[in-house]
Every structure is written in structure tokens, then in C-alpha cells.
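Here's the structure we're looking at; comments come further down.
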Amino acid sequence: MKAGVIVFPGSNCDIDAYKVLERLNVEVKYIWHDEKIDDEDLILLPGGFSYGDYLRCGAIARFARALENINEHIEKGKLVLGICNGFQILTELKALPGALLRNKNLNFICSDCNLIVENNATPFTNLFNKGDVVNFPIAHGEGNYYIDDDGLKELIKNNQIVFRYQNNPNGSVYDIAGIVNKKGNVLGMMPHPERAQDKLLGCEDGLKLFNSIIAYFKEA
Amino acid sequence: MIKAYIDVTLKKSILDPQGTAVKKGLEKLGLYAEDVRIGKHIEVVLREDKIEAAREKIDEMCRRLLVNFEVETYSVRFEVIE
């Protein structure tokens, strides 16, 4: 399995993402925003403030050279994981439905956060059990997931909701913290599994998500 | 040339916590407002003579980048400039 972590100007969780994959012995490399993606099995869009979050969070990142071929990558059934700003970019790319708005209380929230695993039948969550409660930290000002009523019905019908907040911190519709596309190979989530990779950092629940991805490719 | 003044606002159905916070701030100053909504203002200058042609271009810009129609809407005013 090969992985690439895209580094935009303003990304700030790229090193954590790289390190977690490296320590799990995944062949991983950084992809500068001005380079093209190659034949990576997993493309990771890290957290941060790509291009200063100008206009809207993630709105400018979609023009990066590194994302030119992202739709083909997705169509091939390869994986994309967007964390935090990466999730915002995926909604701007229309690879995932909905949008991320300012947190309801207007605060930038940086804290531990309990999530409920809603869907463990994805390449990203196959080692979890449905209903598991996991702790991935959150750190965002615009994580308030919005989708209209019809869109929400679709998400529920297609089992696209992967993580929900136990205590909704930001006003997200239906407590949504992370969703996949219909095909199930693109996951966007506001919480940071890469920041929960070692007990030294407080928690290692996030390892299971990355191990799920590795397990998915081992089975394939 | 034509200058377009674009206002991008959250759709009516979307809560605007920023507007609510500012409304409360105004109330603390003794200034009561029925409602406050906050949006973005964008000015674009086009090398065009006809407003109709300018409108077409601005609509496309809004559709393809300036506005996120999941949550936002927009209005435009045009001005012919030197």
C-alpha cells in the first residue's frame, strides 16, 4: 500500500499524518501542492488552513495541481481521507455533499471529543465495532456540518454517516462528524485521528482507523 | 469597463451565529435591530461595455467559485466606470 500526504501552503497536520502512516510501516510520501499525485492507494488531505482559507475554507485548494487528477483517483476506487481542512476541501470539490459552516458558538474549539462509530463497513473503519465510542481530538472554527433535509435523508439511506459526535460541539446537522461518499472510498471528517496516535499524546484511538485502511489493502 | 458589486450572503434557511452575536452586541449599546445577517462583499472589474455581457460573466464566476450554493446566495449591482 502506498500513501501520499498532500501538503498545501498552510497545512499544519501534514507531519502528524505522515508520521502515523510511517510508524505503521506504510510506504508514505509528502506530495507538495504543486506536484501531481501518482499511483498512491491512499491520498490524505491534512488539516490546517490551506491557502489561508481565503474566500471559504478549502475553496482555493481545489485548484491545486495535486488535486487535478483527484476525481480519476476516486473513480478508480482508490481511497481519499480528508481530515478537518481536508474535509472542507472535499466538500468544496463536491467529492462529498454538504458544507462546513462557522461553529454555532463562534469559538474555535480545541479539545478531546468522543465520537460514535456509526458505520464500520468502510475501508476506514473495518476494525471498529458499530457503536464504539472513540476519542479523536477536534480543533476547528468551521466544523459545523450542514446539509439540507433531502441530503441528510440520502446520507442516512446510503449509510454514509461514519462518525457522529456524542456531545455535538459545533452545531453540526444530525451530530455528523464524518461521512463517506456513496461509493465509500472517500472519507471526510472534522476530528483528528492522526492526533490520537500515541498514549504519550493522550490517546491512541486513532491508530485503529489507520490500521483499518492497512487491513483493507491486505484483504484486497 | 464595468464594475460589479457582489454581495454573498448565507441563505435565509441557514442560521448566522455571527449576525446573532453582532445583534446582541448592538443591543448592549442600546441599539435594537430586528435582525442582523453578515455576508461578504466582492468587487470585480470587467473589461466589458455591456451590462448584459458582464452579468453573464459574473453569474458564471459566482456559480463556479465565488458562491457555495449549498449554503450561500448572492446579489449583484453593476456600475459603468472609466
Side-chain angles (χ1 to χ4, degrees), chain A residues 50-64 67 71 85 87-109 140-155 160 168-176 179 181 188, chain B residues 2-29 31-47 54-78:
Chain A
S50 56
Y51 305 95
D53 275 351
Y54 289 170
L55 190 65
R56 295 179 303 274
C57 305
I60 307 295
R62 75 173 219 245
F63 300 110
L67 295 185
N71 286 330
N85 192 226
F87 185 13
Q88 294 163 340
I89 293 169
L90 288 170
T91 60
E92 283 287 339
L93 272 168
K94 306 286 176 208
L96 291 173
L100 281 312
L101 295 166
R102 283 287 287 274
N103 292 345
K104 204 171 176 184
N105 65 6
L106 294 179
N107 291 332
F108 186 98
I109 309 167
H140 58 245
E142 305 192 38
N144 176 357
Y145 182 75
Y146 175 82
I147 191 160
D148 61 21
D149 290 343
D150 290 345
L152 178 62
K153 277 180 202 153
E154 277 285 297
L155 287 182
Q160 285 175 256
N168 192 337
N170 52 25
S172 290
V173 165
Y174 199 64
D175 306 325
I176 288 173
I179 56 167
N181 60 345
Chain B
I2 289 177
K3 191 166 181 180
Y5 300 86
I6 309 166
D7 287 313
V8 182
T9 49
L10 287 171
K11 283 183 186 166
K12 282 206 178 107
S13 55
I14 308 284
L15 290 174
D16 177 15
Q18 211 180 165
T20 309
V22 169
K23 181 173 181 282
K24 282 184 190 153
L26 288 171
E27 277 165 16
K28 290 213 169 116
L29 295 173
L31 301 166
Y32 183 76
E34 280 296 323
D35 192 22
V36 178
R37 311 256 314 160
I38 293 179
K40 260 178 262 194
H41 181 77
I42 303 170
E43 297 183 357
V44 178
V45 176
L46 297 170
R47 196 174 288 282
R55 185 182 299 280
E56 225 168 81
K57 280 198 174 154
I58 292 295
D59 283 346
E60 186 179 357
M61 288 178 187
C62 287
R63 209 168 53 239
R64 297 183 58 189
L65 177 62
L66 302 179
V67 180
N68 182 346
F69 289 93
E70 296 273 347
V71 288
E72 293 172 330
T73 182
Y74 72 101
S75 60
V76 201
R77 180 169 63 82
F78 294 96

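No experiment lies behind these values; they were computed from the predicted model shown. Note on naming: letters A, B, ... go to the chains in the order of the sequence lines (proteins, then strands), and numbering restarts at 1 for each one. Keep in mind that the numbers below use all heavy atoms, side chains included, and drop hydrogens, waters and symmetry copies.
With a 4.5 angstrom heavy-atom cutoff, S13(B) touches chain A only via side-chain atoms. Proximity to chain B is limited to the side chain of L106(A), based on heavy atoms less than 4.5 angstrom apart. Contacts of I14(B) with chain A are made by side-chain atoms alone, with heavy-atom separations under 4.5 Å and no backbone atom involved.
Residues of residues 144-155 of chain A that come within less than 4.5 angstrom of chain B, heavy atom to heavy atom, are Y146(A) in numerical order.
More than 12 heavy atoms of other residues, nucleotides or ligands shown are found within 6.0 angstrom of CG on L26(B).
Scanning both residues, K40(B) and R56(A), for their nearest heavy atoms gives NZ-CG, 3.5 Å. Annotation for N85(A) and C57(A): closest pair ND2-CB, 4.3 Å, computed over non-hydrogen atoms. Closest heavy-atom contact between V76(B) and A4(B): CG1-CB, 3.9 Å. Between I6(B) and C62(B), the closest heavy-atom pair is CG2-SG, 4.0 Å.
Under the 4.5 Å side-chain criterion, counting only non-hydrogen atoms from C-beta, H140(A) is in contact with N103(A).
F69(B) meets the side-chain contact (heavy atoms from CB on, under 4.5 Å) test with R63(B), V67(B), Y74(B); sequence neighbours excluded.
The greatest number of non-hydrogen atom pairs below 4.5 Å with chain A, out of V71(B), D16(B), T20(B), is found for V71(B). In terms of non-hydrogen atom pairs under 4.5 Å with chain B, the most contact-rich of A99(A), P97(A), G98(A) is G98(A).
With respect to K11(B) and E72(B), no salt bridge is recorded, no charged nitrogen being found less than 4.0 Å from a carboxylate O.
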